[in-house]
Amino acid sequence: MRGSRLTLRSMLILFDIDGTLLNSQGAGQSGFVSAGQQLYGEHFTLEGITLAGRLDRLILNDALDHAKVPATLRNEDRFRDTYVKAIREEFESGRRVCRPLDGALDLVSRVVEHADMTCGLLTGNWCESGRIKLQAAGYALDSFVVQSWAGDAEDRPGLVAVAIERWGMGQASDAIIVGDTPHDVGCGRAHGCRTLAVATGACDRLTLDATEADLVVDDLCNTDALMAWIEQQHV
């Protein structure tokens with residue numbers, strides 16, 4: 001991916017990570033449980049907790065509440081440090097392999113190279129673990145000029161506001177959210193962003209169609225058609 005990656009441009013394309021850009025084969029969930037059990041014992045679990053499309057900090061709060069552990073900033077910081085080590089070990093040990101989803105690398109590359117587009121991230125991952133996943137899947141971190149992570153806001157719509165502020169080039173209607181869950185679509189619609197939903201993650205096509213996203217696709221493989229659609233959203 002060559003080009004002027006640090007240039008801010010007049011459209012902002014914000015990609016989710018898990019289920020949109022890559023498949024980590026459950027490394028995030030496995031590392032999450034491993035970290036929690038190291039700190040709080042075997043009773044720490046993610047069973048019964050909704051994961052897809054949610055912020056890591058909210059998932060942790062639910063898990064801590066279930067384990068009867070206070071959801072304090074200190075406990076979050078301790079957990080994040082342990083979680084980073086656990087997820088790194090998932091990949092380095094070979095237990096999990098992180099792969100880019102079909103078409104995603106090409107689409108990111110095209111967005112990076114486009115004269116009118118700023119490439120960014122809007123994800124429920126904490127920055128430390130999200131960056132590990134991206135690198136493991138073959139993405140260059142400096143492709144994503146604007147980054148909004150789980151630690152940056154209290155909820156997913158809040159991450160959109162953070163991303164728009166960090167971009168500083170336009171308004172929400174100039175941004176497109178690309179994701180694989182109703183949460184991705186919902187946070188974009190809450191701010192007047194365009195939304196592109198892709199059925200490569202936790203939700204099937206029927207579920208995503210019901211969100212009334214501006215565009216729903218089975219995957220990101222048809223790069224030319226997707227780029228043409230994105231360009232048409234620039235008003």
Side-chain angles (χ1 to χ4, degrees), residues 1-5 7-24 52-53 98-124 130 133-134 137-148 156 159-160 163-164 167 169-235:
M1 298 181 187
R2 298 178 181 177
S4 182
R5 292 175 180 159
T7 301
L8 295 171
R9 296 166 178 140
S10 56
M11 293 186 73
L12 177 61
I13 317 302
L14 293 166
F15 290 93
D16 173 53
I17 293 181
D18 295 287
T20 301
L21 292 181
L22 56 84
N23 183 340
S24 66
C98 198
R99 294 189 175 91
L101 287 164
D102 292 344
L105 273 171
D106 288 340
L107 182 59
V108 168
S109 180
R110 290 279 294 275
V111 169
V112 169
E113 297 292 338
H114 197 284
D116 292 323
M117 297 179 190
T118 298
C119 188
L121 294 169
L122 191 146
T123 173
K133 291 178 185 178
L134 287 166
Y139 291 93
L141 294 181
D142 62 351
S143 296
F144 305 99
V145 179
V146 175
Q147 301 177 6
S148 188
R156 206 169 190 100
L159 295 183
V160 178
I164 298 300
W167 178 39
M169 287 288 293
Q171 52 194 1
S173 59
D174 298 315
I176 296 175
I177 310 294
V178 184
D180 67 296
T181 74
H183 292 285
D184 298 297
V185 177
C187 76
R189 290 172 67 89
H191 285 272
C193 304
R194 307 277 199 305
T195 54
L196 193 169
V198 56
T200 49
C203 299
D204 59 22
R205 178 67 184 261
L206 187 62
T207 299
L208 295 177
D209 283 337
T211 67
E212 299 184 353
D214 293 291
L215 178 66
V216 181
V217 294
D218 292 325
D219 55 45
L220 299 178
C221 289
N222 195 338
T223 311
D224 288 341
L226 290 170
M227 288 298 294
W229 179 83
I230 292 171
E231 288 172 345
Q232 290 169 6
Q233 310 312 303
H234 193 21
V235 294

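Computed from a prediction, not measured in an experiment: that's the story for all the values here.
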Should [X] and [Y] count as side-chain neighbours, where that means a heavy-atom distance under 4.5 Å?
X	Y	value
Leu101	Asp219	no
Glu212	Val185	no
Leu107	Met227	yes
Glu231	Met11	no

- Sequence neighbours excluded, which residues qualify as salt bridge (Lys or Arg N to Asp or Glu O under 4.0 Å) partners of Asp218?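 Result, salt bridge (Lys or Arg N to Asp or Glu O under 4.0 Å) vs Asp218: Arg205.
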- Query: Considering the options Leu121, Thr118, Ile177, Ile230, which one meets the side chain to side chain contact (heavy atoms under 4.5 Å, CB included) requirement together with Ile13?
  - Reply: Ile230
- Could you point out which residue of Thr181, Thr123, Asp180 forms a side chain to side chain donor-acceptor pair (under 3.5 Å) with Thr20? Asp180
- Message: Using modelled atom types and a 3.5 Å cut-off, is there a donor and acceptor pairing between side-chain atoms of Ser24 and backbone atoms of Cys98?
- Response: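 A pair under 3.5 Å: no.
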- Write down the atom of Thr195, the atom of Arg189, and the distance for their closest heavy-atom approach.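 Residues Thr195 and Arg189, closest heavy atoms: CG2-N, 4.1 Å.
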- Item | Cys119 to Val111 - nearest heavy-atom pair and separation | CB-CG1, 3.7 Å
- Query: Is the Phe15 ring parallel, tilted or perpendicular to the Phe144 ring (thresholds 30°, 60°)?
  - Reply: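 Perpendicular.
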- Message: Tell me if the CG atom of Asp102 is crowded by more than 12 foreign heavy atoms within 6.0 Å.
- Response: no
- Task: Establish, from distance only, whether the side-chain atoms of Asp204 and Thr207 form a donor-acceptor pair under 3.5 Å.
- Result: yes
